[in-house]
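Worksheet: the structure to be examined is printed underneath.
We're numbering straight along the sequence, starting at 1.
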Amino acid sequence: MCSHQAVHVAMTLDAVYLRGSMAAILSVLQHSSCPQNIRFHFIPSSTANHHHLRLTISRSFPSLKFQVYPYDSSKVSGLISTSIRSALDCPLNYARNYLANLLPPCLSRVVYLDSDLVLVDDIAKLAATPLGDRSVLAAPEYCNANFTSYFTPTFWSNPTLSLTFAGRKACYFNTGVMVIDLQRWRQGDYTTKIIEWMELQKRMRIYELGSLPPFLLVFAGNIAPVDHRWNQHGLGGDNYRGLCRNLHPGPVSLLHWSGKGKPWVRLDANRPCPLDALWAPYDLLQTPFALES
C-alpha cells in the first residue's frame, strides 16, 4: 500500500453513500490503463459497520487492493457549525482535513475523490498533475464564481480576516476532487491551519457552507491548476433538489453529482435528470438491495 509507482485514491465510505462509492470505484477501474496499479484507501466513521463495508467491496472487486482507516469523528464534531444544508454537516465530510494523519506516513501523494462521481478517463492522468515547487494540492479552479459569497459580511468587514487573501488570486475550487501532496501537507501542518479557522467560526460566524470555506481560507490562490474536465461538478443541482444541470462546455473526464440531487435517488424515484443516464451503467448496487444483509 506504500508503492510510489501506484496511483493512490482516498475516499470516505459509509452506508448512505455506499452505492455512489461502488459506482465511483468501478468507473476508476474500468477507465484505467493499469487497474492493478491502483490502491484504494477508504475512510469510514469509526462507528460504521466496517465488516459490512469491507465485505461489500471485496465481493464486488475481488482483486482490489484496498485498506480501511477508521476515522474518529468525535475530534471534529465539536468544531462543526451548522450550514445551509444539513448533509454538509456530516462529520465524515471533514475527514479530508485529516487525510495526512489517517493515511500511512509512507504515502506521499493521493487523489481524493467524493462518492458522488464517476470517471470516464484514466485516473493516472489526474494523479500525475504537476504540483510545482510549493503547492500542497491541485484542483480545478473556477474564477468566475463569486468568491465573496462564500464568506459572511462579518468576515469581509474585518480587515484582520479579509487580509487573509491579500496577494492571493483566490478562486473557488471544489474539494470533491483533489490531488494532495501529503508530505508537504504534513510539513506545513495544514490540518492545524484548517482547524484554527473552524475554531474561529465557532466564535464568530465567518462562512455558511460546511467544510469547503476552511479549505478556501488556507489554500485558495495557492493551488496547482487542473483542467476543468476533471470535475464537471454541480450535476446534483447544487442546493436545489430536483434541479437538472447540463455539463459545462468542454471535454469531460469526470462527472460529479455534487449538490442535493444524487443520481441513484432520482433513478429509484423514476425522476432522473438526463445526465443520470451516464451514472447508471456503473450502478453495482441497484435496488432492491438490503444494506444490512
Which heavy atom of [X] sits nearest a heavy atom of [Y], and at what distance?
X: Pro140; Y: Asp227; result: CG-O, 3.8 Å
X: Ala220; Y: Cys171; result: CB-O, 3.7 Å
X: Trp230; Y: Asp122; result: CH2-O, 3.3 Å
X: Val177; Y: Ala139; result: O-CB, 3.6 Å
X: Leu29; Y: Ile38; result: CD2-CD1, 4.4 Å
X: Glu141; Y: Gly221; result: OE2-N, 4.2 Å

Got a second to check how far [X]'s [atom1] is from [Y]'s [atom2], nearest 0.5 Å?
X: Asn222; Y: Leu137; atom1: CG; atom2: CG; result: 9.5 Å
X: Phe42; Y: Gln67; atom1: CZ; atom2: CD; result: 10.5 Å
X: Cys244; Y: Arg266; atom1: SG; atom2: CZ; result: 5.5 Å
X: His8; Y: Arg39; atom1: NE2; atom2: CZ; result: 6.5 Å
X: Lys125; Y: Arg229; atom1: NZ; atom2: CZ; result: 6.5 Å
X: Ile25; Y: Leu284; atom1: CD1; atom2: CG; result: 8.5 Å

State, without any angle test, whether Arg96 and Thr175 hold a side-chain donor-acceptor pair at a distance under 3.5 Å. yes
Pair Asp276-Trp264, side-chain donor/acceptor within less than 3.5 Å: no
Taking NZ, NE, NH1 and NH2 as the nitrogens, is one of them in [X] or [Y] under 4.0 Å from a carboxylate oxygen of the other?
X: Asp268; Y: Arg19; value: yes
X: Asp181; Y: Arg109; value: no
X: Asp189; Y: Lys193; value: no

Does a side-chain heavy-atom distance below 4.5 Å link [X] with [Y]?
X: Tyr142; Y: His228; answer: yes
X: Leu216; Y: Tyr150; answer: yes
X: Trp197; Y: Ile206; answer: yes
X: Met178; Y: Phe215; answer: yes
X: Asp14; Y: Ser45; answer: no
X: Thr129; Y: Val111; answer: no
X: Leu13; Y: Ile57; answer: yes
X: Asn174; Y: His256; answer: yes

Transitive ILVMFWY side-chain link Leu131 to Leu99, under 4.5 Å: no
Applying a strict under-4.5 Å side-chain criterion to I, L, V, M, F, W and Y, I'd like to know whether Leu278 and Leu235 cluster together. yes
Between [X] and [Y], what is the ring plane arrangement, given parallel below 30°, perpendicular above 60°, and tilted in between?
X: His31; Y: Tyr282; result: tilted
X: Phe151; Y: Tyr207; result: perpendicular
X: Trp156; Y: Phe147; result: perpendicular

Hey, mind stepping through Leu126 and Val179 against side chain to side chain contact (heavy atoms under 4.5 Å, CB included) and telling me if it holds? CA-CA 8 Å; Leu126 176 61; Val179 181; 3.9 Å; yes
Are the side chain of [X] and the backbone of [Y] linked by a donor-acceptor contact shorter than 3.5 Å?
X: Asn37; Y: Gln5; answer: yes
X: Arg168; Y: Thr164; answer: yes
X: Ser32; Y: Val28; answer: no
X: His233; Y: Phe173; answer: no
X: Thr152; Y: Arg205; answer: yes
X: Lys262; Y: Asp116; answer: no
X: Ser258; Y: Gly234; answer: yes
X: Arg186; Y: Ala100; answer: yes

Given Thr191 and Ile194, is the side chain to side chain contact (heavy atoms under 4.5 Å, CB included) satisfied, shown in steps? CA-CA 5 Å; Thr191 296; Ile194 289 173; 5.9 Å; no
Ring centre gap for [X] and [Y] strictly below 6.0 Å:
X: Trp185; Y: Phe219; answer: yes
X: Tyr69; Y: His41; answer: yes
X: Phe66; Y: Phe61; answer: no

For Asp114 and Tyr17: C-alpha separation, side-chain torsions, deciding distance, then whether side chain to side chain contact (heavy atoms under 4.5 Å, CB included) applies. CA-CA 10 Å; Asp114 271 354; Tyr17 279 86; over 6 Å; no
Would you indicate whether Asn146, at its atom CG, is surrounded by more than 12 heavy atoms from other residues, nucleotides or ligands within a distance under 6.0 Å? yes
